[in-house]
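For this chain, numbers begin at 1 and follow the sequence in order.
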Amino acid sequence: MLTLAARSARAWKAAAIAGAVAGMTLTAAPRASAATPSPLTGIIPYEVETNAGSGYLWGAGNPDPGLLEFLNEAQPMAAGTSPSVVALPGLGYESVFQGSNGDIWFSGTAGVTDGRFAMAPGTSPSAAATPSGAFPWAAQGANHDLWKASPSGPVDVGAAMAADTSPAVAEIPPNGTLYPNGDFAIAFQGSDGTLWDATQTYGTGSTHLRMSPGTSPATAYDPSGGSFQMVVNGANGDLWTTSAHGPVDLGVAMAPGTSPSLTEFNDGGYEVAFHGANGDLWTYGKLTTGDTGLPMLAGTNPSIAATISVTTGILPTDNYSIAYSSTFNNGWIFIDNEDTGPGNTIDTTDNVASGTSPSLAILGE
């Protein structure tokens, strides 16, 4: 069983990665950890899900669910697609993914279900965690439009998406005058190649920020502004961010065809994890900015999550963890925890199917 607080001897493959760690160049030093412990003897519970090398949905974490196939929840995933896992109250989780039959599927602590909704081939769904335990999702439908969940079933938003791209969704809690009743923000690459967003409150439209073809955005609630933040691989190959203040080129180059991951901190600020142009895992944001020195498997994307889940509503001190596919053993998934540095990176011993990436959630109490 793996933890983020106590690393096992197998967690670090020194022979494979020590050289890369020695060359690490971070321009902002990480803060000391002050992560809130869970009831599980001080560990930080997490769940990482992936389209494994076997082509089946695979889960690892603490509490450790093991291979879902062993729990009679097995469902082969569609080739080239990745799951989205979110935290639920009570240390639960839910994974949303495209099954091999082309439908959206749901699997987690409550069991496995075929959503009976057909997705576009080669695309992946996205889900958001909420304090109530709901997990609203968004996906590219078989008609290539953006679709979203609703109480009455999947709804066609009516906006065409770029081929081979996937949306991102984030909850916006009720706040002030911008979203007095709360909402859900969906970010996606439109068929015109620009970044689009959709909310129930303000509708759907383009930001006019051009994206790199075949890539997908990430989004998260921005507590400092009461709205939401988005990050993308821009048309020039750089990492870009955009919010109510407009688009900003962050001036760091991304690996072609890859997509960033974003997490927001409850006290303001954000952290981005992405696949850098040199092939390494990079970060940009409030705590750290720069090359971690950890090599990533070509064509894969990292997944970043703030240490304390939004389902608890508690984040006394900033911290995050990142799941990524390493070059070690052709795609083994590692978890890098911001507070300890890459020398204590966790090895989950799971690996990814070709052209897919892991998803990480820090579980709520």
Given 3.5 Å as the limit, does a donor-acceptor pair link the side chain of [X] with the main chain of [Y], or not?
X: Thr263; Y: Ile304; answer: no
X: Gln140; Y: Ala162; answer: yes
X: Asn301; Y: Ser259; answer: yes
X: Asn51; Y: Gly80; answer: no
X: Thr292; Y: Leu281; answer: yes

Report yes if some heavy atom in the side chain of [X] is under 4.5 Å from a heavy atom in the side chain of [Y]; otherwise report no.
X: Val157; Y: Asp145; result: no
X: Asn233; Y: Thr258; result: yes
X: Ser227; Y: Asp222; result: no
X: Val169; Y: Lys148; result: no

Is there a path of hydrophobic side-chain contacts, each under 4.5 Å between heavy atoms of I, L, V, M, F, W or Y residues, that connects [X] with [Y]?
X: Met230; Y: Leu250; answer: no
X: Val248; Y: Leu239; answer: yes
X: Met211; Y: Met254; answer: no

Restricting to non-hydrogen atoms, name the atom on [X] and the atom on [Y] that form the minimum distance, rounded to 0.1 Å.
X: Asn101; Y: Asp114; result: ND2-OD2, 3.1 Å
X: Ile333; Y: Pro358; result: CD1-CB, 3.9 Å
X: Ile335; Y: Ser321; result: CG2-CB, 4.2 Å
X: Leu195; Y: Pro217; result: CD1-CB, 3.7 Å
X: Ser126; Y: Ala168; result: OG-CA, 3.5 Å
X: Phe274; Y: Ala253; result: CE1-O, 4.0 Å

Yes or no on side chain to side chain contact (heavy atoms under 4.5 Å, CB included) for Tyr320 and Thr283, after CA distance, side-chain angles and deciding distance? CA-CA 11 Å; Tyr320 62 79; Thr283 61; 3.8 Å; yes
Could you verify whether a donor N or O on one side chain and an acceptor N or O on the other, from Thr199 and Thr201, lie under 3.5 Å apart? no
I'd like to check the side-chain contact (heavy atoms from CB on, under 4.5 Å) partners of Asn175; sequence neighbours left out, ordered by chain and number. Ile172, Leu178, Tyr179, Tyr221
Asp192 meets the side-chain contact (heavy atoms from CB on, under 4.5 Å) criterion, sequence neighbours left out, with Thr194, Trp196, Ser206
Hey, could you give me each pair passing ring-ring contact (aromatic ring centres under 6.0 Å, His included) that has a residue in residues 112-136? Not counting sequence neighbours.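 Sorted pair list: Phe106-Phe135, Phe117-Trp137, Phe117-Trp147.
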